[in-house]
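The basis for the numbers below is simple: all heavy atoms, side chains too, and nothing from hydrogens, waters or symmetry mates.
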Amino acid sequence: MGRIVVGVDGSESSIKALHWAVRQAELTGDSVEAVNSWEYPATSWASMMPGMPEDFDPQAVAIVSLTEALEEALGAEGAAAISKIVVIGNPAQALLDRAKGANLLVVGARGYSGFKATLLGSVSLHVTQHAPCPVTVVRD
């Protein structure tokens, strides 16, 4: 029994990738690990934003966001069967790091960032070029 890593940022494309990964895991007996990452805004953007409350916890917000996306897509029981991984860092690098030792990495063709007209988003393009395991890109 192995592991399937899937990138989930809540976008429609990532939810389709999640469904694909879950169906594949049912066929192979692998476990599914949903990965989401977050980054602090770049310094130039941060200076334009009002101050963050001292108790603001972006990690906790990301965990809640991932959990809600999984529950909405799979129901509470389905979401409970998925390992939830939230890390700070670049999304592509977070997926590559988690994919080490995995049987498969699954991503959507485009997430919340990037240009709608592109064939692949920047994350899916990067992971297809550098992944340590096979990659499936689920298109819309």
Side-chain angles (χ1 to χ4, degrees):
M1 185 157 116
R3 184 170 52 95
I4 296 174
V5 174
V6 58
V8 179
D9 66 2
S11 66
E12 184 177 329
S13 184
S14 76
I15 297 303
K16 287 181 180 181
L18 172 65
H19 284 288
W20 194 97
V22 168
R23 284 192 307 271
Q24 181 66 20
E26 290 169 355
L27 295 172
T28 61
D30 293 337
S31 63
V32 177
E33 183 177 282
V35 178
N36 190 338
S37 70
W38 61 274
E39 294 181 285
Y40 283 107
T43 306
S44 60
W45 284 102
S47 65
M48 296 169 54
M49 295 172 53
M52 295 284 186
E54 285 186 31
D55 62 345
F56 178 69
D57 182 358
Q59 180 77 9
V61 171
I63 291 169
V64 168
S65 176
L66 177 59
T67 301
E68 287 175 353
L70 294 175
E71 288 179 356
E72 185 175 318
L74 304 173
E77 186 176 321
I82 306 295
S83 297
K84 297 160 198 68
I85 306 296
V86 176
V87 297
I88 184 171
N90 174 276
Q93 191 59 54
L95 289 168
L96 292 173
D97 291 345
R98 294 303 306 178
K100 291 176 183 165
N103 288 348
L104 183 65
L105 172 59
V106 182
V107 293
R110 285 188 300 275
Y112 274 130
S113 61
F115 298 100
K116 295 254 184 216
T118 60
L119 182 62
L120 289 178
S122 60
V123 171
S124 55
L125 180 61
H126 189 80
V127 300
T128 57
Q129 294 173 339
H130 302 285
C133 65
V135 177
T136 297
V137 179
V138 179
R139 299 214 31 213
D140 292 341

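Checking side-chain atoms of Arg98 against main-chain N and O of Gly7 turns up no donor-acceptor pair under 3.5 Å. The closest donor-acceptor contact from the side chain of Ser14 to the backbone of Asp9 lies under 3.5 Å. Side-chain N or O atoms of Ser13 include one that pairs as donor or acceptor with a backbone N or O of Ala109 at under 3.5 Å.
Every residue two or more places apart in sequence or in another chain was checked for a ring-ring contact (aromatic ring centres under 6.0 Å, His included) with His19, and none qualifies. With sequence neighbours excluded, the residues that form a side-chain contact (heavy atoms from CB on, under 4.5 Å) with Pro132 are Leu96, Ala99, Lys100. Looking at residues two or more places apart in sequence or on another chain, you find a side-chain contact (heavy atoms from CB on, under 4.5 Å) between Val138 and Lys16, Ala17, Trp20, Val106, Thr136. With sequence neighbours left out, the side-chain hydrogen bond (donor to acceptor under 3.5 Å, both in side chains) criterion links Asp97 to Gln93.
When all heavy atoms of Ala92 and His126 are compared, the pair lying nearest together is CB-CD2, 3.6 Å. When all heavy atoms of Val32 and Ala21 are compared, the pair lying nearest together is CG2-O, 3.9 Å. In terms of heavy atoms, Asn103 sits closest to Gly2 at ND2-CA, 3.3 Å. The shortest non-hydrogen separation linking Ser37 to Gly89 is OG-O, 3.2 Å.
The list of side-chain hydrogen bond (donor to acceptor under 3.5 Å, both in side chains) pairs with a residue in residues 73-91, not counting sequence neighbours, is empty.
In this structure, CD on Glu33 lies 10.0 Å from CD1 on Ile82, to the nearest 0.5 angstrom. Ile4 CD1 to Glu26 CD: the interatomic distance, rounded to the nearest 0.5 Å, is 10.0 Å.
The only member of Leu105, Val8, Leu95 that meets side chain to side chain contact (heavy atoms under 4.5 Å, CB included) when paired with Val35 is Leu95.
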With a cut-off of 3.5 Å and sequence neighbours excluded, list every side-chain donor-acceptor pair involving residues 62-69.
from  : atom 1 : to    : atom 2 : distance (Å)
Thr67 : OG1    : Ile63 : O      : 2.9

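Counting heavy-atom neighbours within 6.0 Å of Gln59 CD, excluding the residue itself, gives a total above 12.
Side-chain contact between Thr28 and Leu104 is absent, with no heavy-atom pair separated by less than 4.5 Å.
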